[in-house]
Amino acid sequence: MAQQTQVSRVVEYYHRWLKKFPTFSTLAKSSPADVLREWSGLGYNSRALRFHQLAKHVFSEFHSRLPQSPDELRHLPGIGRYTAHAVACFAFNVHVPVVDVNIRRILTRYSTKVLMASQMMNDDDAWKFAERALPKKNVYDWNQALMDLGGMICTARNPNCIECPINSSCKSAFNKVFLQRQVIKKKNEPSWKGIPRRIYRGKILKLLHFHSFPVEEIAGVLWKNYSSKDIHWLSGVLDTMVINGLLIAGKKKYSLIQ
DNA sequence: AAAGCGTGGTT
DNA sequence: TAACCAAGCTT
């Protein structure tokens with residue numbers, strides 16, 4: 001849930017989720033529709049489907065027990081390098097580093113001498129650094145502390161170097177030029193009628209929470225009036241969502257997978 | 001391997 | 001207020 005999402009926003013979903021799906025078994029036996037409805041509002045809906053897939057896999061193949069090593073965890077759907085290490089460390093107290101966006105930012109700032117480009121250290125370098133810096137004991141606390149430092153002090157914008165416990169050895173402490181502003185890169189994300197496609201996808205998914213609709217009715221909800229080109233574009237979006245496993249296409253209607 | 005993915009709070 | 005940002009991952 002916390003992938004690319006603030007923990008503060010996750011907390012309530014986390015508790016609701018565990019109440020509804022207390023075990024891998026219950027999650028595995030639920031429908032994608034249930035899972036997506038419960039996830040609604042958190043964003044990145046594919047994560048919910050992958051979590052569902054993960055639960056099915058862990059339930060049927062691993063007797064509802066997660067593996068404890070990052071290498072094994074990594075094979076599971078939705079589990080990448082970060083999450084594998086985070087679960088290993090925080091759930092099973094395995095002696096491994098963790099590199100999330102906060103820690104990568106800290107490591108970058110801490111070790112960067114050249115302040116021209118406010119580029120983040122590349123992922124492999126960050127992981128090597130984190131591995132090398134890992135203490136012999138209390139790795140759980142170490143990783144938590146770094147993430148908290150990144151979240152509360154060494155923030156992306158306006159880091160509070162004055163209160164930072166490592167400001168005396170940090171290469172970019174108090175350096176405004178470097179710390180002020182992050183890289184400005186434009187996404188140029190796909191859009192239609194000036195609205196990003198992901199916004200449509202979110203609306204569509206929510207619209208289909210409890211009813212199935214044909215393309216025309218979905219279009220009617222999205223736009224006051226629409227053309228055949230709009231229908232064509234929308235059909236493409238819906239088909240992609242079907243491919244993504246978010247929807248199924250019936251004879252005439254689209255719906256969640258019950 | 002760069003693009004694409006949700007949403008809501010902050011600056 | 002438009003742009004940035006967030007316990008990343010998949011294709």
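Here is the naming used below: chain letters follow the sequence lines, and residue numbers restart at 1 for every chain. Note: hydrogens, waters and symmetry copies are ignored here, and every other heavy atom, side chains too, is used.
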| Taking the side chain of R157(A) as its heavy atoms from C-beta onward, which of dA7(C), dG8(C), dT11(B) lies nearest to it? | dT11(B)
| message | Can you measure F51(A) atom CZ to dC9(C) atom P for me and round it to whole angstrom units? | response | 14 Å
| said: Applying salt bridge (Lys or Arg N to Asp or Glu O under 4.0 Å) to K128(A) and D123(A), what does each step give before you reach the verdict? | reply: CA-CA 9 Å; K128(A) 284 177 194 167; D123(A) 215 44; over 6 Å; no
| request: Respond yes when some side-chain nitrogen or oxygen of R105(A) is under 4.0 Å from OP1 or OP2 of dA6(C), and no when none is. | output: yes
| field | Pairwise P distance, dA7(C) and dT11(C) [rounded to whole Å] | value | 24 Å
| Got a sec, which pairs hit ring-ring contact (aromatic ring centres under 6.0 Å, His included) with one end in residues 130-151 of chain A, sequence neighbours left out? | F90(A)-Y140(A)
| said: Can a donor-acceptor pair be found, under 3.5 Å and without considering hydrogens, that links the side chain of R109(A) to the backbone of K171(A)? | reply: no
| Starting at CD1 of I195(A) and ending at P of dC5(B), how long is that distance when rounded to a whole Å? | 14 Å
| request: Let me know the distance between CE of M152(A) and C1' of dA6(C), rounded to the nearest Å. | output: 16 Å
| request: Round to the nearest Å and state the distance from D123(A) atom CG to dA2(B) atom P. | output: 14 Å
| query | With a distance cut-off below 6.0 Å to the six-membered ring centre and an angular limit of 45° from the axis, does R197(A) pair with Y200(A) as a cation-pi contact? | reply | no
| query | Touch check for P190(A), heavy atoms < 4.0 angstrom, all strands: base, sugar-phosphate only, or nothing? | reply | sugar-phosphate
| What about F51(A) and W17(A), are their ring centers closer than 6.0 Å? | yes
| query | Taking OP1 and OP2 of dG6(B), is either one under 4.0 Å from a side-chain nitrogen or oxygen of R201(A)? | reply | yes
| task | Have a look at I79(A) and say if it touches a base, only the backbone sugar-phosphate, or nothing, with a 4.0 Å heavy-atom cut-off. | result | sugar-phosphate
| field | Atom P, compared across dA1(B) and dA6(C): separation rounded to whole Å | value | 25 Å
| task | Rounded to whole angstrom, note down the P distance from dG6(B) over to dT1(C). | result | 28 Å
| field | With W192(A), the side chain to side chain contact (heavy atoms under 4.5 Å, CB included) member among V237(A), D230(A), L234(A), L222(A) | value | D230(A)
| said: Pairing donors with acceptors under 3.5 angstrom, does anything connect the side chains of R74(A) and S69(A)? | reply: no
| Side-chain N or O of R47(A) less than 4.0 angstrom from OP1 or OP2 on dC5(B)? | no
| query | Taking atom C1' of dG9(B) as reference, at what distance in whole Å does atom CG of N158(A) sit? | reply | 15 Å
| Within residues 3-16 of chain A: residues closer than 4.0 Å to DNA chain C (heavy atoms) | Q3(A), Q4(A), Q6(A), V7(A)
| query | When the distance from CG of N244(A) to P of dA3(B) is rounded to whole Å, what number comes out? | reply | 18 Å
| request: Indicate whether the side chain of N122(A) and that of D124(A) have a donor and an acceptor atom separated by less than 3.5 Å. | output: no
| note | Quick note, A156(A) side chain, CB onward, closest among dG6(B), dT7(B), dC5(C) is dC5(C)
| request: Send over the distance from R198(A) CZ to dG8(B) P, rounded to a whole Å. | output: 11 Å
| request: Using atom OH of Y200(A) as one end and atom P of dC5(B) as the other, report the distance to the nearest whole Å. | output: 13 Å
| query | When you compare dC9(C) with dG8(B), how far apart are their P atoms, in angstrom units rounded to a whole number? | reply | 23 Å
